[in-house]
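Working notes, beginning with the structure itself.
Any value given below was found using the heavy atoms of this structure, including those in side chains, with hydrogens, waters and symmetry copies removed. Because the structure is a prediction, the values reported are computed rather than measured. Quick note: residue numbers are just sequence positions, from 1.
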Amino acid sequence: LALWVGGTLTTFIFPYLLLPESGRETSQLARVLRKLTVPAPYVVGQALVVVLGVHLLGASFLHPGLVVLTAVLGSLTFLTLIVALNLLLGAAGRLLALVLLVLQLAASGGSYPAELSSPLFQAIHTLIPVTDVVNALRYAMFGAYEGQYGVYMGRMLLAGLLAMRVLPIAQYPEIAPPVVTDSGIEVRPVYRAEDWQGELPDPGEFPYTRGIYPTMYRGRRWTMRQY
């Protein structure tokens, strides 16, 4: 569950619903991969920290390599699912990720046996991805569910692959519409030297790209004017 929490927190850190100017002409798949590659190292690091923390608390691992593998793949799967929710539903996707966190906390069987929970949680117990990660970790750490590790990992990865399949066809929100002046002139986010055709004029000269006064703030104090 800590891995899901970490994936959800990335929605508050990284602007999944915004694109820089350079991403406007790229394909949908390129946009999605661009958004996933930045937080991916963070959630992988989070998974390693969780495994190390559990080990330092005194837990022994029957299969240490499988513990690390399960935590890393589970963290990446959760990230993919959460990003898919954000791109499909916008800001509501972040809320749904938090709702799923609460449901999975009760239904995954990680902290409380699912067999003793309500019928609702028992019904969704086998459908949520956290259940597969919990069971896979139980095998990797203690040897439980012998012979079922591949099944749990396969279902978890299938959920991640389905999310990756949905991501390219999701309607990725475009960047904010262009800013236009009252005269109908589009104002770019930034202007560079190559945007100016010809010799760049001095300050105080038309079209005043370097200021409306020759000396600018060296000769007068900065003041704020209201439109």
*Report the residues that fulfil side-chain contact (heavy atoms from CB on, under 4.5 Å) with Thr80, sequence neighbours left out, ordered by chain and then residue number.*
Ala163, Met164, Leu167

*Show which residues join Tyr152 in its hydrophobic cluster (side-chain heavy-atom contacts under 4.5 Å, direct or indirect), or state none.*
Tyr145

*Considering residues, nucleotides and ligands other than Phe12, do more than 12 of their heavy atoms fall under 6.0 Å from its CZ?*
yes

*Are side-chain heavy atoms of Leu85 and Arg94 found at a separation under 4.5 Å?*
no

*For the student: nearest non-hydrogen atoms of Leu3 and Ala47, plus distance*: CD2-CA, 3.8 Å

_For Ile82 versus Gly7, what's the shortest heavy-atom pair and its separation?_
CD1-C, 3.4 Å

_Shortest non-hydrogen separation from Met156 to Gly74 and the atoms involved_ = SD-CA, 3.5 Å

_Looking at every heavy atom in both Leu81 and Pro129, which two are closest together, and how far apart are they?_
CD1-CG, 3.8 Å

*Which residue pairs satisfy the ring pair (Phe, Tyr, Trp, His ring centres under 6.0 Å) criterion with at least one member in residues 62-82, sequence neighbours excluded?*
Trp4-Phe78, His63-Tyr139

*Return yes when atom CZ of Phe61 has more than 12 non-hydrogen atoms of other residues, nucleotides or ligands closer than 6.0 Å, and no otherwise.*
yes

*Consider only side-chain heavy atoms of I, L, V, M, F, W and Y, link residues closer than 4.5 Å, and tell whether Val49 and Leu76 are in one cluster.*
no

_Could you check whether any side-chain N or O of Thr77 sits under 3.5 Å from a backbone N or O of Gly160, counting only pairs where one atom can act as donor and the other as acceptor?_
no

*For Pro39, which of Leu79, Val44, Leu9 qualifies under side-chain contact (heavy atoms from CB on, under 4.5 Å)?*
Leu79

*asked:* Show the nearest heavy-atom pair for residues Ala59 and Met141, with the distance to one decimal.
replied: CB-CE, 4.4 Å

*Taking C-beta and beyond as the side chain, do Asn135 and Gln148 meet within less than 4.5 Å on heavy atoms?*
no

_Sequence-distant partners of Arg155, salt bridge (Lys or Arg N to Asp or Glu O under 4.0 Å), two or more places apart_ = Asp132

*asked:* Among residues at least two apart in sequence or on other chains, which ones pass side-chain contact (heavy atoms from CB on, under 4.5 Å) with Leu158?
replied: Leu162

*Report the hydrophobic cluster partners of Leu52, with the cluster defined as I, L, V, M, F, W, Y residues connected by side-chain heavy atoms closer than 4.5 angstrom, directly or transitively.*
Leu56

*Treating Ile, Leu, Val, Met, Phe, Trp and Tyr as nodes and any side-chain heavy-atom pair under 4.5 angstrom as an edge, say whether Leu62 and Tyr149 lie in one connected cluster.*
no

*What are the two closest non-hydrogen atoms of Leu137 and Ala71, and how far apart are they?*
CD2-N, 4.4 Å

